[in-house]
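Hydrogens, waters and symmetry mates are skipped; everything else that's a heavy atom, side chains included, is used. Each ligand, and each atom within it, is numbered from 1 in the order the structure gives.
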Amino acid sequence: MQAAYLFRLPQFLDRCHRRYGDRFTVRMGRFGTFVYLVDPNDIRSVFHGEDTAFHAGEANAPFLGRVLGPSSVLVTDDEVHLRQRRRLNGPVHGNAIAELVPLMTRIAAEDIDSWPVGRSFPLLPHMRGITLDVILRAVMGIGNDDPERHQRFRTTLADLVDIGLFRLAPFAFPALAGVWPWSRYRALQDRADVMLHGEIERCRADPALESRTDVLAMLVRHREDSGTAMTTPEIRDQLVTLLLAGHETTATGLSWTFERLVRHPVALRTAVRAAADGDDAYLDAVVTESLRSRPVVPDITRKLTKDVTIGEGPRQLRVPAGTFVDPAVYLVLRSPELYPEPLEFRPERFVGRRPEPNVWIPFGGGSRRCLGAAFALTEMRVVLGEVLRRVELAPTTMRAERTRVRHVTLTPHRGAVVTVRRRRYPPDSSDDRFSMRSTFARSSGVVKDRSSAASA
Ligand code: HEM
């Protein structure tokens, strides 16, 4: 029964929280026993506990291992995990991300130009297209300078990392793996592996290898202190991991951002002005608040390799080895003690304030914190700004979209439906027409701020 509730995870977590408080245990048959944690002190114990006791890789491996491969940074622990993580650190941090901003802008602009004008449509597929193109280019160096090759990789790899609950069924029932239609996924993996291995070999032989800036080239160039290079299967596993972890999540985060903004005209208007003025601080606050009010990943898991103590003082809790402990991201980010009036969408919470590490946790925390957090935040800000500069988004009084569970993410159930119109005016914030009082906003009949009503 409890496992079945996972199909309605947010509602289930909410109900357990109301009934049992900040710690509750869910027993999911053969999957194991899960202790959900909401109190930031408990969560700190998990994020700052010994890595050797809190295994994220062991918790992820049963359902992601088949897709990602045995050396993926997401399914390994301890020394092996540290080594893989170190290798990826450089390519998805700092300067490497800053250099991708023009590319992110161009890919977003091209996609936005294809949007239908004047009728409603779901943004999620477009956001998926943008984030897939960005990650393909950033990770594998594949751009659309060779359209046929680009399309081939795009289709196969998007299909490979599209792992809905149905596709993951062999995780619960391994015998299904060889049976149609699940056997088709095995065939797809084989096809994708041939392509990926070919691409890795091509990269090794590339005369321009030294000057390439994509992750694949950096992994091929990488040498351990001992001088050893990464093997082809190791590189393949990290490539698939970055594609899977970085594409759907960011697309979903962006879709929720627009779903929230069109229901909050004041925030939308402020964001439009910020985009026009190049005020990144407000756009960052919109993204931060969106990931708070609609977290993409509702919970994260660690498997205990030994008995551990969670929490402090009289509230200490002994949890036995073999149990899973789950910081309940979704509940923490909606806690009224941590975020007053948590159901309200208010980017102002984060203007001029950095989010606190154990309390703002859409990217998890500790040594397993999302490796692509900076990448995702930059991409979300860039795409958000580009959309707001290029099109007018119509505010709406439609009810908030419900959350739908899609493998490990929570997506808007209608795909973040919006209506847009081309901007008629240059994005100049001093121009009074450049606001929600524009013709479009008047004709859509929605100009009042209904933030409170729409947000719940
Ligand atoms: C809005 C977008 C994203 C969200 C919400 C998100 C969320 C998360 C979360 C919750 C985790 C688990 C953290 C933990 O266990 O404590 C994670 C891990 C990870 N993410 Fe992200 N992620 C996003 C984007 C990205 C991007 C763009 C990349 C790559 C470019 C990426 C790569 C990874 C990797 C490699 C890990 C595994 C880290 C490890 O186990 O050491 N993610 N992400």
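- Under a 3.5 Å cut-off, the side chain of R263 and the backbone N or O of M398 do form a donor-acceptor pair.
- Interface atoms of ligand 1 facing G365, defined by a heavy-atom separation under 4.0 Å, are 16 (O).
- Nearest heavy-atom pair across P125 and P122 is CD-O, 3.4 Å.
- Taking the six-membered ring for Trp and the full ring otherwise, the centers of H126 and F121 sit less than 6.0 Å from each other.
- Among V73, I135, T409, the residue whose heavy atom sits closest to atom 30 (C) of ligand 1 is I135.
- A donor-acceptor contact shorter than 3.5 Å is absent between the side chain of Y330 and the backbone of L9.
- Comparing heavy-atom distances from atom 15 (O) of ligand 1 across R302, M380, R85, R369 singles out R302 as nearest.
- Between the side chain of Q189 and the backbone N or O of R66, at least one donor-acceptor pair lies under 3.5 Å.
- Using a 4.0 Å cut-off to heavy atoms of T250, the atoms of ligand 1 that qualify are 1 (C), 2 (C), 24 (C), 27 (C).
- The aromatic rings of F324 and F34 sit parallel to each other, their planes meeting at less than 30°, with 60° as the upper class boundary.
- Heavy-atom proximity to atom 10 (C) of ligand 1, evaluated over A374, P362, G253, P298, is greatest for P362.
- For a threshold of 3.5 Å applied to N or O pairs, the pair formed by H81 and ligand 1 contains at least one separation below that value.
- Within ligand 1, the atoms closer than 4.0 Å to a non-hydrogen atom of L74 are 37 (C), numbered from 1 in the order shown.
- Within the model, atoms CZ of R294 and OG1 of T257 stand 11.0 Å from one another, a figure rounded to the nearest 0.5 Å.
- A donor-acceptor pair under 3.5 Å is formed between the side chain of T270 and the backbone N or O of V266.
- E259 places a side-chain N or O within 3.5 Å of a backbone atom of E401 that can act as its donor or acceptor partner.
- Taking each of R368, Q84, H247 in turn, the one with a heavy atom nearest to atom 14 (C) of ligand 1 proves to be R368.
- Closer than 2.8 Å to atom 21 (Fe) of ligand 1 sit the protein N, O or S atoms C370 SG.
- Applying the 4.0 Å criterion to heavy atoms of F375 picks out, from ligand 1, the atoms 27 (C).
- Shortest contact from atom 12 (C) of ligand 1 to any protein heavy atom: I300 CG2, 4.0 Å.
- Remark: R334 fails to qualify as a cation-pi partner of Y339 under the 6.0 Å distance and 45° angle criteria applied to the six-membered ring.
- The side chain to side chain donor-acceptor pair (under 3.5 Å) with D133 is formed by just one residue from the set R106, R128, H150; it is H150.
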